[in-house]
There are 2 protein chains.
Amino acid sequence: MKGKATSFDIAHYAGVSQSTVSRALRGSPLVNEETRRRVVEVARKLNYKVDKNASNLRAQQSSTLAVLLFEDPTSDESQINPFFLSMLGSITRACAKAGYDLLVSFQSSSNDWHADYAESHRADGIILLGYGDYMDYQSKFERLLESDTKFVCWGANVEGRPELTVSCDNSRGGALVAEHLIELGRTDCAFIGDTSHHSPEFSARFNGFAERLKTHGAHVSERKIATAISTEESGYQATKSLLANNIKFNALFGASDLIAIGAIRALQEAGLRVPHDVSVVGFDDLAVARFCTPPLSTVQQNTTLAGQMLVANLLNLIAKQEVDVASSVLPPQLIVRQSSK
Amino acid sequence: MKGKATSFDIAHYAGVSQSTVSRALRGSPLVNEETRRRVVEVARKLNYKVDKNASNLRAQQSSTLAVLLFEDPTSDESQINPFFLSMLGSITRACAKAGYDLLVSFQSSSNDWHADYAESHRADGIILLGYGDYMDYQSKFERLLESDTKFVCWGANVEGRPELTVSCDNSRGGALVAEHLIELGRTDCAFIGDTSHHSPEFSARFNGFAERLKTHGAHVSERKIATAISTEESGYQATKSLLANNIKFNALFGASDLIAIGAIRALQEAGLRVPHDVSVVGFDDLAVARFCTPPLSTVQQNTTLAGQMLVANLLNLIAKQEVDVASSVLPPQLIVRQSSK
DNA sequence: TCCCCGTCTGACACCGGTGTCATAATGTCG
DNA sequence: CGACATTATGACACCGGTGTCAGACGGGGA
């Protein structure tokens, strides 16, 4: 046998037509059980595998999803945010469980997207993953909507289409942090992150945090807010700049774990003890959080569930089925460790 | 315009034949520059994208690679080894740079592989990633070789086919650790990992380590070796069992960072100070290593380079070009941090 | 003028499946 | 025994491109 076997080869050896082979192998009820057995047997012997390209072409669907991962443009080239990698893991699993393949692609937000996976029929739908510039996204979303591409995204909201988004209840997560710090009596808080509309997730965390503090008579002074993107280095620098300006606080909320870890480094370098002098809380619950010094209190986002929801919602979208919007906002959970005891 | 545009639509609007459209869009020198401009313009206007399924089917190649990630079967369901995720990142980038798409799939070693990506023409080649049971792999490798599937793998050697493997010089990495500990005067060493043939990478690290110690008159006592797989928990348990047996040592080499991190936890719980009482060194240089307490000395594997090599070698294999075996063994680098000062 | 050649284009078979339709074989009922 | 439903199968068009081949066209040389 030269080259790969085709369904015609199977048909030949099984003494049936090619049509019957196709039907038999896909479990059509139209074919006789005895015939099917014969076909399956021959196919196994010849190590026959259905050609996905031919099958996809004819069936006009690919049983494949694509993940587009947008990195923070300024983040380190080599290291990808562990939070998204963890998400990627659960998406992969959820995909496999649904019998779909998964294409993965990293994009830099600066570039134009290579988001033609759907248009070129390589994927039936697309999952968008990333913190990213909110304003920048909307125009891309419009292009996707226009070309009738099926997609869902994590975090960022698509205007007027809530069914396309799965996200953590960031605002509530911020509130949980506020409550925790209030219980500890640490209401003189700093915030490292981004309160602008450029980062809807970070600002939601901040707003939930600030509002809950306010209901307890505390508030976050403008001076105690420093801007950072989600890297350790950025968190470190932002915190250092606060300290350099001689700004005092007894608690610090980092908009992500990486930021909080960088903040801890800055605090410790300045001779401040965590949590004795400053309680620190992060957001994400990366695997690192357990291992840093001191172990980091944080708000856990359930990436397993998130990945499952993203896949499930996307598949519903593709099948033109109803998507449950309400359940796509995932509950955050406060994990208290030593950094805020 | 209903549905997606096809090359026939473009042909119609550009007033040429479908053949010419195909040629024009793929830059064939046969088509007149003026004609090409017209075709390209129409294609842009109609937002036309070549159908990959049709193209792949006809061309009998997919411009796609697949990564199969094998997890340690006993490892935690939700968390994937960060080392491989980091590798995945660099593979993705290398793929994109070469103009290939990337399919990602997680496999449990226990299950039969769904490695039919190549047979079903979904991918031109496969990258195998994972620590795994060496013996178990050889039979799978044979099956891949038999079906003439193009593949490369990380770490594990395919018998008699060195060109299919990219790996870190684990033995040399172990030797670097030995030298470092000798310099510190810490030659009473424990090893946590796996010295059996089941884990070729771990045992190579151990052998390189033990041999170098021997040339300096030291050696690793059998009693000071404990078996662990590459998880924090496993490293913790293995170390605890050593301590429970009242075994003393002033240095500990963990076969991976996760193991070393677990070991540190066990040591600290037992009241031993790191590095004052025991110097600890790991292997991998995960992002975590910098952040744990104390920051972990470790052997860095260059995952960026590794990913590039895997992709490059696989593409050479597919193109039936020579593969440079020698350069596929990557040099490890010792990173000294506080855990072994 | 005729022939040849280079340039450019169109017609057409083909990749390997899937879905539809026609039909043969068998059974069922009045 | 004929009309008709049921079951199982084969023939064939089709998905949307790619590669081959034949041919149209214009120019240059004899």
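All heavy atoms count here, side chains included; hydrogens, waters and symmetry mates do not. Lettering of chains follows the sequences in order, A, B, ..., and the numbering in each one begins at 1.
Axis angle across the helix from dT1(C)-dA30(D) to dG30(C)-dC1(D), with five pairs used at each end and values rounded to 10°: 60°.
Within residues 53-64 of chain A, the residues having any heavy atom closer than 4.0 Å to DNA chain D are, in order of number, L57(A), R58(A), Q60(A). A heavy atom closer than 4.0 Å to some atom of DNA chain D occurs in Q18(B), S19(B), S22(B), R23(B), these being the qualifying members of residues 17-25 of chain B.
Applying the salt bridge (Lys or Arg N to Asp or Glu O under 4.0 Å) criterion to E33(B), with sequence neighbours excluded, gives R36(B). Contacts of R26(B) classified as salt bridge (Lys or Arg N to Asp or Glu O under 4.0 Å), with partners at least two apart in sequence or in another chain: none. Listed by chain and residue number, nothing satisfies the side-chain contact (heavy atoms from CB on, under 4.5 Å) test with E322(B) (two or more places apart in sequence, or in another chain). With sequence neighbours left out, the side-chain hydrogen bond (donor to acceptor under 3.5 Å, both in side chains) criterion links Q60(A) to no other residue. Judged as a salt bridge (Lys or Arg N to Asp or Glu O under 4.0 Å), and not counting sequence neighbours, the contacts of D101(A) are R122(B). Applying the side-chain hydrogen bond (donor to acceptor under 3.5 Å, both in side chains) criterion to E142(A), with sequence neighbours excluded, gives no partner residue. Taking S28(B) as the reference, R23(B), L30(B), V31(B) meet the side-chain contact (heavy atoms from CB on, under 4.5 Å) condition, with sequence neighbours excluded. Judged as a salt bridge (Lys or Arg N to Asp or Glu O under 4.0 Å), and not counting sequence neighbours, R58(B) has no contacts.
Atoms CG (N32(A)) and C1' (dG10(D)) sit 15 Å apart, rounded to a whole Å. The distance from atom CD of E33(A) to atom C1' of dT9(D) is 15 Å, rounded to the nearest whole Å.
Comparing Y48(B) and L30(B) along DNA chain D, the residue whose closest nucleotide (by nearest heavy atom) sits nearer the 5' end is Y48(B). Mapping V16(B) and V50(A) onto DNA chain C via the closest heavy atom, the residue that lands nearer the 5' end is V16(B).
Bounding nucleotides for the chain A contact on DNA chain C, 5' to 3', at a heavy-atom distance below 4.0 Å, are dG16(C) to dT20(C).
Residues D124(B) and T64(B) have side chains not in contact (no heavy-atom distance under 4.5 Å, counting atoms from C-beta outward).
Under the 3.5 Å distance criterion, with hydrogens and angles disregarded, no donor-acceptor pair is assigned to the side chains of S90(A) and T303(A). The closest side-chain donor-acceptor pair between N56(A) and S62(A), if any, does not fall under 3.5 angstrom.
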field: Test ring-ring contact (aromatic ring centres under 6.0 Å, His included) applied to F84(A) and F70(A), step by step
entry: CA-CA 9 Å; F84(A) 291 119; F70(A) 295 88; 9.8 Å; no
- request: Apply side chain to side chain contact (heavy atoms under 4.5 Å, CB included) to the pair L68(A) and V104(A), showing each step before the final yes or no.
  value: CA-CA 6 Å; L68(A) 268 44; V104(A) 174; over 6 Å; no
